[in-house]
Amino acid sequence: MLSEDLLVEKHIDAHKATPGGLLPLLHSIQDDIGYIPEHSYKLISKALNISVAEVHGVVSFYHHFITTPPGQHVLHICRAESCQAMGSTELEAHAKTVLNVEYHQTTKDGAISMEPVYCLGNCALSPAVMLDEKVYGRVSKARLDALLTSSRKPK
Amino acid sequence: MSTRLYIPRDSSALSLGADEIAAAIQAHAGTTVDIVRNGSRGMYWLEPMIEVVTAKGRIAYGPVAPEDIKGLFDNDFLNGGEHPLRLGVTDELPWLKKQERLTFSRVGITDPVSVSDYVAHEGYRGLCKALELAPAAIVQEVTDSGLRGRGGAAFPTGIKWKTVLGCTAQQKYIVCNADEGDSGTYSDRMIMEGDPLVLIEGMTIAGLAVGADQGYIYLRSEYPDALVVLNEAIKNAYAAGYLGDDILGSGHRFHLEVRRAAGAYICGEETSLLESLEGKRGVIRFKPPLPAIEGLFGKPTVVNNVISLATVPIILDKGAAFYRDYGMGRSRGTLPIQLAGNIKYCGLVEKAFGITLRELLYDYGGGSASGRPIRAVQVGGPLGAYLPESQFDTPLDYEKFSEIWAVLGHGGIVAFDDTVDMARMARYAFEFCAIESCGKCTPCRIGSTRGVEVMDKIIAGTQPEKNAKLVRDLSDTMLNGSLCALGGMTPYPVLSAINHFPEDFGLQQHELAA
Ligand SMILES: Cc1cc2nc3c(=O)[nH]c(=O)nc-3n(C[C@H](O)[C@H](O)[C@H](O)COP(=O)(O)O)c2cc1C
Ligand code: SF4
Ligand code: FES
């Protein structure tokens, strides 16, 4: 906890003078730690002079921010129309089966979290997924399996 | 001398392995090649597409897979050699040649982050013109061009700028809406990854025009690659004196910063976007006051879409009349159209307004990717209507589309073949609205969830007539009682699906259109 607080403090220092700095602050915390620890709300609220409830309200409003540690990798599956037109519904069902998780859950071994996403701007190559920060296009079930397997290999 | 190659860094090209191709070619050829990472030409079925600079021009090869690389070298592709993947001189490819690329004139051609390359390809000529004009004259030029906002609402850009120019305030802002949330759209992304300097130039001109010295680009968090390119381009523009306290020695200031969104569709709506930029929940603001008068931090603010702003430089450079001469009716200029979904040749088609859906779907798109008939097309994102075959001859024009109760939105076209179940698409429209609602008004917040429940009954075959009537009533309430277009336009996809495809809802005959 303590070391996390120190990290959070570092990000607060970097952003507290930024106009409208709460989102940039939350991004840098999540980029660094992987999620927004709820016990950091107090530190944030003090530094930005807003209530803890406001911090909570902002974090919970945005789909991107998460408050529990994700798996080692995050798989975003595009659920939007263009990808549906190219079979994303079956791809999503397949992913749920092979990973044995629902959206917003992490596999038992902690390797992969699955999240929905609504368009990756890769609609010319639907269906699309994003694994961590990398987008993939024309993702068949076999291609998804291969991606998941290679992401699980120890580096 | 080394041979120059172009291999896109566009994220769609990367999604098919462009980085791996670039690395393999580099490893194979070493210093004999000079690889430029450009934007995409927008022919996505050919990505990863590489171009080789030869005496005959740029020769394209694609789609290139890692296993093709040895063969390409064996066939001397560095000198434009024959190979099954050789496509010919890029600029002569009919798909590109038939287009009218104004906003996209440099995308895929230049090094996106090189200011000198940008200037060598007519970049920053618009800004140089603007620096010689009075603010009101810049605004007049944009007004005269007929440019209307490309983010969806199609409001005349010049009129918006005039309002901000007319406000007296110490601080004003230019905000670029780069939230591009609509499914089927990627033109903003292509500009930001392929020619970010044209957006930077457009925002700088906007700043000069209205008297704003600070700009923000509100970029969706789903675009990590665009973030990297934008920041590189901004850094280079500062270093070259095109951004900063004294732009090109003119005494004018303009500063620019990218802010990341956080995955909320509603934050593409301009007032919600401004709340988000202020560090708050993205809840819609009541209008008035207009953002132009009380926008970011309460100051007069121009909020414009990426494409609107990226179109300003060519208008200033070539003049309002040049741009206005393209198009039809009150839809002037060109629209970067994005083909998506079940289409064989997906990609970016920039054409003057007036081209028909049918030409886009078949002449450019080549029909469906699956080879089955195209049954429905959604134009304008998740809040756009579904159109049946009988409406494919509608020309792309804001007014013609509203006559058929449809919208052009941001120019995304998503095609579905005859395996689509339109009742499921209507259900999805409600579901999306429920997930993304900002929660401020009841018809949207509650109505969308009710809509999903009723659609579930219809899909299960329970009393379709009665439940379809419920969907219509609900849609009416949402249409009339929502504060913004998320709740107010979700009925477009829903009702158009029922009206044009009643058989998917278990309905016998066409009911009266809403
Ligand atoms: C729910 C909703 C989502 C929107 N999303 C976007 C978006 O992602 N990008 C965009 O440019 N405009 C979007 N808009 C339109 C903006 O509110 C606004 O009209 C636009 O940014 C103005 O710029 P323009 O005049 O250049 O189009 C959205 C509107 C609504 C109601
Ligand atoms: S219609 Fe929906 S998204 Fe728009 S203001 Fe109302 S609740 Fe918010
Ligand atoms: S709809 Fe899936 S990438 Fe756009």
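Note that the structure is a prediction, hence the values are computed from the model and not measured. Just so you know, these numbers use all the heavy atoms, side chains as well, and skip hydrogens, waters and symmetry mates. Protein chains get the first letters and strands the later ones, always in sequence-line order, with residue 1 at the start of each.
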Check whether more than 12 heavy atoms from other residues, nucleotides or ligands sit under 6.0 Å from atom NE2 of His56(A), and answer yes or no.
no

Counting heavy-atom pairs under 4.5 Å to chain B, which of Ala85(A), Pro127(A), Ser126(A) comes out on top?
Ala85(A)

Anything in residues 423-438 of chain B with a heavy-atom distance to chain A below 4.5 Å? Please list those residues in order.
Met425(B), Tyr428(B), Glu431(B), Phe432(B), Ile435(B), Glu436(B), Cys438(B)

Part of Ser60(A) lying under 4.5 Å from any heavy atom of chain B:
side chain

I need the minimum non-hydrogen distance between His64(A) and Gly263(B), along with the two atoms involved.
CB-N, 4.1 Å

Taking atom CD of Gln84(A) and atom CG of Asn342(B), what is their separation to the nearest 0.5 Å?
12.5 Å

Residue Phe297(B) versus chain A: region with a heavy atom under 4.5 Å:
side chain

Residue part contacting chain A, namely of Glu278(B), when any heavy atom lies under 4.5 Å
backbone

How about Tyr35(A): does its OH atom have over 12 heavy atoms from other parts shown lying under 6.0 Å from it?
yes

Heavy-atom pairs under 4.5 Å with chain B - which of Met130(A), Arg79(A), Glu54(A) has more of them than the others?
Arg79(A)

Please report the shortest heavy-atom distance between Gly121(A) and Tyr186(B), naming the atom on each side.
O-CB, 3.3 Å

Are there more than 12 heavy atoms of other residues, nucleotides or ligands under 6.0 Å from atom CG of Asp109(A)?
yes

State whether the number of non-hydrogen atoms from other residues, nucleotides or ligands found under 6.0 Å of Lys96(A) atom NZ is greater than 12.
yes

Most contacts with chain A, counted as non-hydrogen pairs under 4.5 angstrom, among Arg281(B), Gln378(B), Glu222(B)
Arg281(B)

Please report the C-alpha distance between Ser276(B) and Leu23(A) in whole Å, then the side-chain angles of each, then the deciding distance to 0.1 Å, and finally whether the side-chain contact (heavy atoms from CB on, under 4.5 Å) criterion is met.
CA-CA 8 Å; Ser276(B) 182; Leu23(A) 260 74; 3.5 Å; yes

Based on non-hydrogen pairs under 4.5 Å, which of Pro382(B), Ala264(B), Gly347(B) is most in contact with chain A?
Pro382(B)

Among Ser12(B), Ser370(B), Ala262(B), Cys346(B), residue most engaged with chain A (heavy-atom pairs, under 4.5 Å)
Ala262(B)

For the pair Glu275(B) and Phe61(A), evaluate side-chain contact (heavy atoms from CB on, under 4.5 Å) and give the outcome as yes or no after the intermediate values.
CA-CA 12 Å; Glu275(B) 288 289 298; Phe61(A) 184 86; over 6 Å; no

Of the listed residues (Gln30(A), Arg138(A), His76(A)), which shares the most heavy-atom pairs with chain B below a 4.5 Å separation?
Arg138(A)

For the CD atom on Glu38(A), are there more than 12 heavy atoms of other groups (residues, nucleotides or ligands in this structure) within a distance under 6.0 Å?
yes

What's the separation between atom OG in Ser82(A) and atom CD1 in Ile413(B), rounded to the nearest 0.5 Å?
12.0 Å

So that I can tick it off, tell me whether Lys134(A) and Asp19(B) are bridged by a salt bridge, with the cut-off set at under 4.0 angstrom between side-chain N and carboxylate O.
no

Might you point out which heavy atoms bring Gly20(A) and Arg259(B) nearest each other, and give the distance in Å?
O-NH1, 3.4 Å

Interface moiety of Leu120(A) toward chain B, non-hydrogen atoms closer than 4.5 Å:
both

By a 4.5 Å heavy-atom criterion (distance strictly below it), what part of Ala226(B) contacts chain A: side chain, backbone, both, or neither?
neither

Can you tell me how far apart CG (Leu14(B)) and OH (Tyr136(A)) are? Round to the nearest 0.5 Å.
10.5 Å

Taking atom CG of Leu26(A) and atom CZ of Arg260(B), what is their separation to the nearest 0.5 Å?
11.0 Å

Examine whether an atom of Val135(A) lies under 4.5 Å from a heavy atom of chain B, and if so say whether it belongs to the side chain, the backbone or both; otherwise answer neither.
both

For Ser15(B) and Asn122(A) the tightest heavy-atom approach is OG-ND2, 3.0 Å

So, for Gly282(B) and Tyr62(A), which heavy atoms are closest and what is the spacing to 0.1 Å?
N-OH, 3.3 Å

Less than 4.5 Å to any heavy atom of chain B: does that hold for the side chain of Pro19(A), its backbone, both, or neither?
both

More than 12 heavy atoms of other residues, nucleotides or ligands under 6.0 Å from NZ of Lys10(A): is that the case?
yes

More than 12 heavy atoms of other residues, nucleotides or ligands under 6.0 Å from NZ of Lys344(B): yes or no?
no

Using a cut-off of under 4.5 Å on heavy-atom pairs, state which of Ser11(B), Ala376(B), Pro224(B), Ala369(B) scores highest against chain A.
Pro224(B)

For Asp182(B) and Cys119(A) the tightest heavy-atom approach is O-SG, 3.8 Å

